[in-house]
2 protein chains.
Amino acid sequence: MITFETFKPVEGTPIYQQILLYIKRGAVAGTIRDGDELPSRRVLSALLGINPNTVQKAFRLLEDESLITSQTGAKSYMTLSGEKIGKLREDLIREDIRSIAGALRQMGIDKEEALRLLSENWEESES
Amino acid sequence: MITFETFKPVEGTPIYQQILLYIKRGAVAGTIRDGDELPSRRVLSALLGINPNTVQKAFRLLEDESLITSQTGAKSYMTLSGEKIGKLREDLIREDIRSIAGALRQMGIDKEEALRLLSENWEESES
DNA sequence: CAAACTGTACTAGTCGTATAATACAGTCAA
DNA sequence: TTGACTGTATTATACGACTAGTACAGTTTG
């Protein structure tokens, strides 16, 4: 059962997108595996203090990407493969790197300084 | 005069916030300096193809942070100081690093691998 | 079987972002 | 001084994210 214990929604980005990212990153990290059982829409929404429809939207999008399977009346499960995880990892990392590199470049920061900044502030930015 | 030539709005985040970031990052980079003249609300909105009210919202927030001064009837100008720029630089970088570090950590990526990924993909992620 | 769960669907409302149109007051230069 | 520009303010509309409540069909378990 996927727990969502470490899920802390942030304001500023849609919650359903944050749920999507939480699942995808968990899959890449290996903490979420193929066949894992997902909490029901109602249970998860109560746990997170959000609306069931918001959870449903996130789960529907996950199903659109074939990362979970849902069936009326039954529980939902992760459907992962090595190929899917590899794609996820590549996509997520590329997007994250593109984002930070663009931001730092706009501030006139070059590659060497970016590496130094990331190295110096890595531990400091614990969640 | 600040040009906004390299400003490309992205969908997914509010445009007024992107304008804020564009100005702040330019100030940190040194391409935007104290006393620089800002385009008028009407001119900039026409240039970017967005609504004047959206530009006004961004400029109002900049004035709330005392980064620009506005006066009815007259043009608006940047009001920067070394101290302000230093604060901006620290805040923006810290937030960016926190964001990428959190994302990569959620994917089970440690500091060494993060540095390697950033180094390998820095050039590739040109805007 | 029956109760308690599951996923799914729908309507209605709030809130923030963004647009559209207009108005008014102050500055600046021809 | 006059006209063209500035900043500022107002009202109305549209849309997506999110909430709230309800309903129905299918599965699972006692």
Side-chain angles (χ1 to χ4, degrees), chain A residues 1-4 7-24 32 34-80, chain B residues 1-4 7-24 32 34-80:
Chain A
M1 170 70 88
I2 300 170
T3 63
F4 283 85
F7 181 80
K8 306 268 182 196
V10 178
E11 70 175 317
T13 42
I15 301 178
Y16 74 91
Q17 285 184 15
Q18 297 185 48
I19 295 176
L20 241 88
L21 270 184
Y22 182 83
I23 298 286
K24 288 181 177 181
I32 293 177
D34 182 63
D36 276 0
E37 178 185 325
L38 290 149
S40 80
R41 273 75 163 162
R42 288 173 178 81
V43 166
L44 182 55
S45 64
L47 189 67
L48 301 181
I50 62 179
N51 195 277
N53 297 330
T54 303
V55 177
Q56 164 62 7
K57 184 168 188 174
F59 281 19
R60 185 178 54 75
L61 291 173
L62 284 171
E63 196 174 16
D64 288 347
E65 296 189 53
S66 299
L67 298 177
I68 72 172
T69 53
S70 301
Q71 185 189 178
T72 298
K75 294 179 177 175
S76 300
Y77 299 91
M78 300 298 306
T79 51
L80 297 172
Chain B
M1 169 69 91
I2 301 170
T3 63
F4 283 84
F7 181 82
K8 305 269 181 196
V10 177
E11 69 175 319
T13 41
I15 301 177
Y16 76 90
Q17 285 185 14
Q18 297 184 49
I19 295 175
L20 240 89
L21 270 184
Y22 182 84
I23 298 286
K24 290 182 176 180
I32 293 177
D34 182 62
D36 277 1
E37 178 186 324
L38 289 149
S40 80
R41 276 70 164 164
R42 289 172 178 81
V43 166
L44 182 55
S45 64
L47 188 67
L48 301 182
I50 63 178
N51 195 276
N53 297 332
T54 303
V55 176
Q56 164 62 4
K57 182 164 189 177
F59 282 19
R60 184 178 55 76
L61 292 172
L62 285 171
E63 197 174 16
D64 289 346
E65 295 189 54
S66 298
L67 299 177
I68 73 174
T69 54
S70 301
Q71 184 189 177
T72 299
K75 295 180 177 174
S76 300
Y77 299 91
M78 300 298 306
T79 51
L80 297 172

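No hydrogens, no waters, no symmetry mates; every other heavy atom, side chains included, goes into these values.
A:R41 has its CZ atom 18 Å from the C1' atom of D:dC18, to the nearest Å. Whole-Å rounding puts the A:Q56 CD to D:dG21 C1' distance at 16 Å. For the pair A:K75 NZ and C:dA4 P, the interatomic distance rounds to 16 Å; values are reported in whole Å. Between the CZ atom of B:R60 and the P atom of C:dG16 there is a distance of 13 Å, given to the nearest Å. In this structure, the CG atom of A:L38 is 19 Å from the P atom of C:dC5, given to the nearest Å. To the nearest angstrom, P of D:dG7 lies 10 Å from CG of B:L44. Distance, B:E11 CD to D:dA17 P: 11 Å, rounded to whole Å.
Annotation: the span from B:T79 atom OG1 to B:E65 atom CD amounts to 11.0 Å, rounded to 0.5 Å.
Distances shorter than 4.0 Å separate none of the side-chain N or O atoms of B:S40 from OP1 or OP2 on D:dC5.
In terms of the side-chain contact (heavy atoms from CB on, under 4.5 Å) criterion, residue partners of A:Y22 (sequence neighbours excluded) are, by chain and number, A:F4, A:T6, A:F7. The salt bridge (Lys or Arg N to Asp or Glu O under 4.0 Å) check on B:K57 picks up nothing, with sequence neighbours excluded. Checked against side-chain contact (heavy atoms from CB on, under 4.5 Å), A:E63 has the following partners two or more places apart in sequence or in another chain: A:I68, A:S70.
Here the shortest heavy-atom pairing between A:I2 and A:P39 reads O-CD, 3.7 Å. Here the closest heavy-atom approach between residue A:M78 and residue A:I32 is recorded as CG-CG2, 3.8 Å. Here the closest heavy-atom approach between residue B:F59 and residue B:I19 is recorded as CE1-CG2, 4.3 Å. Smallest separation of non-hydrogen atoms from A:D34 and A:L80: OD1-N, 2.6 Å. Closest heavy-atom contact between B:A58 and B:L20: O-CD1, 3.3 Å.
When atom types are taken as modelled, the side chain of B:Q18 and the backbone of B:T13 share a donor-acceptor pair closer than 3.5 angstrom. Checked by atom type and distance alone, the side chain of A:S45 pairs as donor or acceptor with a backbone atom of A:R41 at under 3.5 Å.
Against DNA chain D, the stretch residues 61-72 of chain A makes heavy-atom approaches under 4.0 Å through A:Q71, A:T72.
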For nucleotides 13-15 of chain D, list the nitrogen or oxygen atoms of the protein found under 3.5 Å from its nitrogen or oxygen atoms, one pair per line.
none

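A:V55 comes within contact range of no nucleotide atom at all, as no heavy-atom separation falls under 4.0 Å.
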Reading nucleotides 17-23 of chain C from 5' to 3' and marking B where a protein heavy atom lies under 4.0 Å of the base, S where only the sugar-phosphate is that close, and - otherwise, the string is SSBBB-B

